[in-house]
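Structure first, then comments.
Each chain gets a letter, A, B and so on, in the order the sequences are listed, and its residues count up from 1.
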Amino acid sequence: MSLSERTHDGETKDPPPSSYEFTHAAAKSAVAQICEPVGYNHFKDPPLESLTGFAIQYILQLGKIATSFANLNGRSQCNVFDIVLALEDLSGNDNNAEERGCSALRSVKLREIIDFVKVSDDGEEESLLLQTLPRFPVSDKRKKMMVVPSFVEVGEIPPGKHIPLWLPAFPDPHTYKETPMWIERGLDPRGDKIEQARQRRKAERALLSLQRKLVCRGDGDRVWGDMDVGGVKGEIREAESEMPEDEKRDGVSVVEAFAPALEAARDVVFSEDDAEWKQKKKKKPVGLSKLRTEKKFLGEPLDLTLQMKGEDRSMSLREEDRDDKRRRAEFILRQCMENPVDLNQL
Amino acid sequence: MNHGQQSGEAKHEDDAALTEFLASLMDYTPTIPDDLVEHYLAKSGFQCPDVRLIRLVAVATQKFVADVASDALQHCKARPAPVVKDKKQQKDKRLVLTMEDLSKALREYGVNVKHPEYFADSPSTGMEPATRDE
């Protein structure tokens, strides 16, 4: 196992992070902390390094001998007796050779350790390692980015049952073949629907206002801009009630001509806000209520809920809308006059 | 029979003491952290899921280091104090762990860490001229 591995390209990779330096430094600080209550205030580096090395070797030897004792007894996992035997072995005393009893507690070393624990437990407070050990190996962000995540980490299901989940994931298709591009606009079906409904409502409003205007024109004394709170509603109701009676206007039965369009508009609106429309059908036309949303009319405006969700218009905008509608209404009327055939198509 | 019974009782006592000791290990946290000890034990093939055994090893190592350090301290204190007499510095001796003390302490454990006292140019430096000629 070479330290520096070579990839198949021939490039040298950095050797895998060895834990030797980290553990050695940690052990060094632990050993120094152990020596402090003994009486030492200062340490020279070489003896401290040597002592650390010895402590590490002690642990390693203990583990090795304990494992061998466990294996001798046909076990793979060590238990306390293996450790005690290893301790006895390491101490190199042969005083116990004959006196070794059937219990591990007879061992001298273990007794010494027990006494040591008692002394340090009773005497001083526990001297834990002052520095907390950081988690090792410390992840190198740069290297981590280069490591390909496995299927499990990415959350993909590998194509094909023969591929296990722990293998690195396949690259995205756009990296190796041409995939269609589209402008990410962010799907917002609800927003789109609201927008569509709003536009439809605008068209209907235009139609309705046009029709109203025609009705009002016939009366003559009513002006478009004359809107007061109480009277408007009455006017509209009267206008609507007068509708079926008015037949001849400008030489063309405009109302009759507009009737299918009106029906169609009503149907469309019905399908959208059934409950509300049924309640407020007789009460308020949409356009006016929109203009005066801050004042509470009898009953709520038709599509106020959707308006509150989607729109946030100021008064100035409403004024502009009004002018817009007027202009549009006039334009439509002009067109209708010119092409009486196309009326039914509205 | 009697002897057997006695040894049986003693065994029970020993077992109880052992379990008690192992339980007490959980209260006393050794200075060497568990993770570090576990890492080194795993390196040598020691496999055990029980934390108490790892703590036992940690405590054993701690005792070993403490013993060596205390022996070295004895050697350090045993050395005659420096001759220079200062009014401020009378008996205050800076207790520093030096290689000398450590090597003396470790010799009792069978470890030889003697440092060379000087570095010579060649193996025969400082020897008598007679032997050098040979």
Checklist entry - Hey, mind stepping through V111(B) and F54(A) against side-chain contact (heavy atoms from CB on, under 4.5 Å) and telling me if it holds? => result CA-CA 9 Å; V111(B) 182; F54(A) 288 126; 3.2 Å; yes
Item to check | Nearest-0.5 Å distance, CD1 of residue I114(A) to CG of residue L18(B) | outcome: 7.0 Å
Next on the checklist: Within this structure, what is the CD1-OG1 distance for the pair I34(A) and T61(B), rounded to the nearest 0.5 Å?
Outcome noted: 8.0 Å
Item to check | Portion of L51(A) that has a non-hydrogen atom of chain B nearer than 4.5 angstrom | outcome: both
Next on the checklist: Does I157(A) have more than 12 heavy atoms from other residues, nucleotides or ligands lying within 6.0 Å of its CD1?
Outcome noted: no
Next on the checklist: To the nearest 0.5 Å, what is the distance between CD1 on I54(B) and SG on C78(A)?
Outcome noted: 10.5 Å
Item to check | Heavy-atom pair of closest approach, residues M99(B) and S50(A) | outcome: CE-OG, 3.2 Å
Item to check | Engaged part of A42(B) at the chain A interface, taking heavy atoms whose separation is under 4.5 Å | outcome: neither
Item to check | Heavy-atom proximity to chain B below 4.5 Å, by part of I59(A) | outcome: both
Item to check | Under 4.5 Å from a heavy atom of chain B, the part of I83(A) involved | outcome: side chain
Next on the checklist: The test is side-chain contact (heavy atoms from CB on, under 4.5 Å); show your working for Y58(A) and V65(B) and say whether it passes.
Outcome noted: CA-CA 9 Å; Y58(A) 191 78; V65(B) 172; over 6 Å; no
Checklist entry - F46(B) and D82(A): side-chain contact (heavy atoms from CB on, under 4.5 Å), yes or no, with the steps? => result CA-CA 10 Å; F46(B) 183 98; D82(A) 297 326; 6.0 Å; no
Next on the checklist: Determine whether C48(B) and N79(A) satisfy the following criterion, side-chain contact (heavy atoms from CB on, under 4.5 Å), listing intermediate values before the conclusion.
Outcome noted: CA-CA 7 Å; C48(B) 187; N79(A) 60 20; over 6 Å; no
Item to check | Under 4.5 Å from any heavy atom of chain B - which part of Y40(A) | outcome: both
Item to check | Approximate separation, where rounding is to 0.5 Å, of Q57(A) CD and Y40(B) OH | outcome: 9.5 Å
